[in-house]
Student: 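Quick one: structure below, then a few questions.
Source: prediction; values computed, not measured. So you know, we letter chains A, B, ... as the sequences are listed, proteins then strands, and number each from 1.
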Amino acid sequence: MEKTDAEMTENPLEPYIESLRQQLEEQDPMVLVGVIVALAVVVITCVFLKYFLTSKTVRSAVLLVGLCDSGKTLLFIRLLSGKFKRTQTSITDSSAPYKAKNDRSCTWTLIDLPGHDSLRSQYLEKFKSAARAIVFVVDSGIFQKEVRDVAEFLYMLLTDPVVYRITPTLLVVCNKQDVAMAKSAKLIQQQLEKELNTLRVTRSAALSAQDGSVGGSVYLGKKGKDFEFSQLPMKVEFLECSARGSKGKDGDADIESLEKSLAKL
Amino acid sequence: MRRKHKTLVASLTAGKAHTLTLSCKRCEQKVLRTMALCSHSTLYSLIDDVEAVVRIPAQINVVVEPQFLWVLRVGQVKKKGYHRIGHGSLCQGLVHHVTAPIILQKAGSDEQNPDIRGDKMLDFFTIFSKGGIVLWCFQGAGVSESFTGPVNALIRSVILQERGGNNSFTHEALSLKYKLDNEFELIFVVGFQKILTLTYVDKFIDDVQLHFRDRYKNELEQKGALKLLNNTFDFEDRFKKLLREAEETSKARSPVPMRSFKESEKSQKTVKSMIETKGGDKSKEQGGKKNKNTKKEVEPPKGDQGKTPPSGQKDVLNGNQGLTPEEVMQKKREDFFRKRMMGPTEKPSKSPKPQKPKEKVNRVWNNAGSSTKNLDYSNKNGDSSPGEDQKNMEAQFDPEMQVSSMKGDLRSVDYESSEEEEMEEEEEEVVVSKTSPKKSGGFGGMFGMLKGLVGSKSLSREDMEPVLEKMREHLIAKNVAADISSQLCESVAKKLEGKVMGTFTTVASTVKQALQDSLVQILQPKRRVDILRDVMEAQSQRRPFVITFCGVNGVGKSTNLAKISYWLIENGFSVLIAACDTFRAGAVEQLRTHQRRLNSLHPPEKHGGRPVVQLYEKGYGKDAAGIAMEAIAYARNQAFDVVLVDTAGRMQDNAPLMTALAKLIAVNMPDLVLFVGEALVGNEAVDQLVKFNQALADHSMSDKPRLIDGIILTKFDTIDDKVGAAISMTYITGQPIVFVGTGQTYNDLRSLNARAVVGALMKA
């Protein structure tokens, strides 16, 4: 009792608090419980909000994108476990934490996006804002046949306003190097540059959508110059690898170059 | 009875490569038939004595299989592999040629062939995640081709196109059946030769799903994709056992409806719910036991309806007077049971959120009150009410009422969730009233309780049914063809069944979201649509890019053709319009007018003195295909970039005109066949597109006929938000909407914005 008296004299606010306490005591105790619960709810809400907001600002996702059948899912499996597994066309994304092979041992979230035309834009929409790096997987075996589709997808990716703003590292992985007729990364780079250059023309002439929005506000590369990957604001790297590996099912994958690049992120 | 030759061995040696000798292994009878063979041929033709697929040197066994099924095995000496042929009539041919001492045997009587087992009927069975990782697969003995191709085809043409209504799919010689497990995001696919009619497959796939989930539920519940990589799913032995069982039951041919029903019921339930019933906290367990006990004591046929709708209750009340004593007793038992059920349902009221149980308890309380009034199992008349019981109930409920009334403050915060709870509860009621009385008694109440505690639950078909029905009507109101909206809803239901909902979502919102995603997915083109790029490609190959327009009368083919030529001209291409409408009066003149106007907009002086657009016409009454061909040749010579072929409008039922169109397309092989359809069309869209595609397929000489590969949606400005035609058309053809016509001027040509269309479609 003495102690509280002493405090009372010391603290000028004490009388107010005391009166508040008295008022509170006059009230029904259940109301007090209600007030406490309400405060608790507010606090919990704040914590949740903070949790959700912070989780979005940190970009820690490594996206695996590319056309159907380019080997994204197998690459995903190889990066995570090193094993070989059969794969089918993905319908949804799959994600898992990936530990980069460097001394810092950072952990990224590796996300494998479905490559099918009717799904890819939806899933890209969902994950692009969290992308730290985008691994663009290209099937080198049938690149010649698919070059226009690959370029179109890449164009869509590069001219996306969000991607343009956050400039994630772009790793173009020329997969399936174990196939006999596989194109080299250098050739793929050249052809893609040429194709993207053409696409810049056709896309700027494309019809506007119904709601009046034109294809994209972002112009790829520098105006008046032929397109080159070096003109892009983000870091672009071309890598050769083979998720299947030269020995097939039993052997290891040939993806050291990709692992190295991921370690540098 | 004639003698049976069970196994016929046909030996082919390298030296005598071109004769096939069939002999019977068992009775040592030497040559039944000799046929001439070539090195590459099909098994069909083996029967017809023409050629054979048999790779040399090979051994062929002709084996009698159950159910009149004949298997012709082509086993190479080193590598085993076989093809199956035949069922019934197909094999009759073979039997005939073998000069038939072989008798077709009835199913099940063939016990001496131990190597003929069910696992040779299925080509493959695979279990993979929706992310595309194969967890476990089984390949039938001797099946050498990979199943990846057919399964990918299944995914791309059925699952991704929202054609999930029926769960089977035919790919070349294979029949595939699949099942989605939405809770764990798995897909089960089984494949077998399509000529086999395997009746047990549906049940078998259910069984496998159930067992697989049971066995690996702990592994599957982990988060992330790592679970799929780090665990090995060694399912072989269990699978073999199941397959054998399935085989046996199909052999025995005894219909086992009870079992299959039970199995399927079980498979509906989620593993999660099962775990909760087992491993929940004490109170839950007690509740469960109580329920079980009550079930043992009283076994009323309808006793499981813990929460029948109040209206039903009233019926019971009113109806009691006119019933026989037995029936009255029965009713009372039910009521008693209902009252006992209150025990477990009260329990959630002790959960941290007092608000929502209040709603629930109140409702139940009303129910119970009226029923307890009626309840008397000691008296002969059901009129006197046991006041004691009622008081007890009141005593139990009073504190709860108080607590919830005090916490009025919380209402606004918790309001939404309580509302949601109520909604779920209502849906739960629908479930209970709909499900058959065979469902075990305690589960209705148990589920309700668990839901309150856990907050997330998996969707069942019954939950979704009312929402889906509403969505279906909504789609139809937005002008989506009726059967397409049904199929879509069916597919969405398949996709959601068993999926675990988030905590703050309702059934309605989940279904709506899924439907929206599906619609976007449908409208999203399945291939690259960039006509300008393709025209440039054709330009570099020094050939004109040919686009053919087709459609029914009066949809705006010529008008949109003019708009497209304007767009192409604006982009620096020269256009030749081929007037292949030699039928309607004024068609050619219409095009000429457009050509003049376009040329005046883009005068030749600006384009090197050459008119940017020309009309190729040969008057009326001529053969359209011929004119188109001449026009293309002319364009090639004159170095035009694009040829736009305008065809006469035709109704889809007009067979001669459809044949003519098919001929035009087959002969000229245009780069693009665009179907012009008006956005005003409703159910008719289905018929039009199906018949156009059918006609093109029927009258084409080649194996891979040219079908419609793009759609122009016209008169889009006239329909406000009734944009359903866009969905109908893309759904049927699986082809993208390339252009949208939105007005009368040359500028009114747009590309489709899938999200905007879906937004308009989902708008209430």
Student: Under 4.5 Å from any heavy atom of chain B, what part of A:Leu113 do you find: side chain, backbone, both or neither?
Tutor: neither
Student: Measuring heavy-atom distances to chain A, does B:Val151 have an atom under 4.5 Å in its side chain, in its backbone, in both, or in neither?
Tutor: both
Student: Identify which part of B:Val757 has an atom lying under 4.5 Å from any heavy atom of chain A, answering side chain, backbone, both or neither.
Tutor: side chain
Student: At a heavy-atom separation under 4.5 Å, does B:Leu749 approach chain A through its side chain, its backbone, both, or neither?
Tutor: both
Student: Assess whether a salt bridge exists between B:Asp517 and A:Lys126, defined as any Lys/Arg side-chain N lying under 4.0 Å from an Asp/Glu carboxylate O.
Tutor: no
Student: Is there a side-chain contact between B:Gln524 and A:Asp117 in this structure, where contact means two heavy atoms from C-beta onward sitting under 4.5 Å apart?
Tutor: no
Student: Would you mind checking which part of B:Phe739 comes under 4.5 Å of any heavy atom in chain A, side chain (CB onward), backbone (N, CA, C, O), both or neither?
Tutor: side chain
Student: Verify whether one side chain among A:Arg86 and B:Ser146 offers a donor that lies under 3.5 Å from an acceptor in the other.
Tutor: yes
Student: Could you pull out the closest heavy-atom pair between B:Thr148 and A:Gln88, with the gap in Å?
Tutor: O-OE1, 3.5 Å
Student: Quick check against the 3.5 Å criterion: does B:Asn152 have a side-chain atom that pairs as donor or acceptor with the backbone of A:Thr89?
Tutor: yes
Student: With a 4.5 angstrom heavy-atom cut-off, is it the side chain or the backbone of A:Asp112 that approaches chain B, or both, or neither?
Tutor: side chain
Student: Select one option (side chain, backbone, both, neither) describing which atoms of A:Ser95 are under 4.5 Å from chain B's heavy atoms.
Tutor: backbone
Student: Please find the pair of heavy atoms, one from A:Ser90 and one from B:Gly131, that lie closest to each other, and give the distance.
Tutor: OG-O, 2.6 Å
Student: Going by heavy atoms in the side chains, are B:Arg533 and A:Glu195 under 4.5 Å from each other?
Tutor: yes
Student: For B:Val529 and A:Glu152, which heavy atoms make the closest approach, and how far apart are they?
Tutor: N-OE2, 4.5 Å
Student: Does any heavy atom of chain A fall under 4.5 Å from the side chain of B:Ile187, the backbone, both, or neither of them?
Tutor: side chain
Student: At a 4.5 Å cut-off on heavy atoms, which part of B:Glu570 comes close to chain A: side chain, backbone, both, or neither?
Tutor: neither
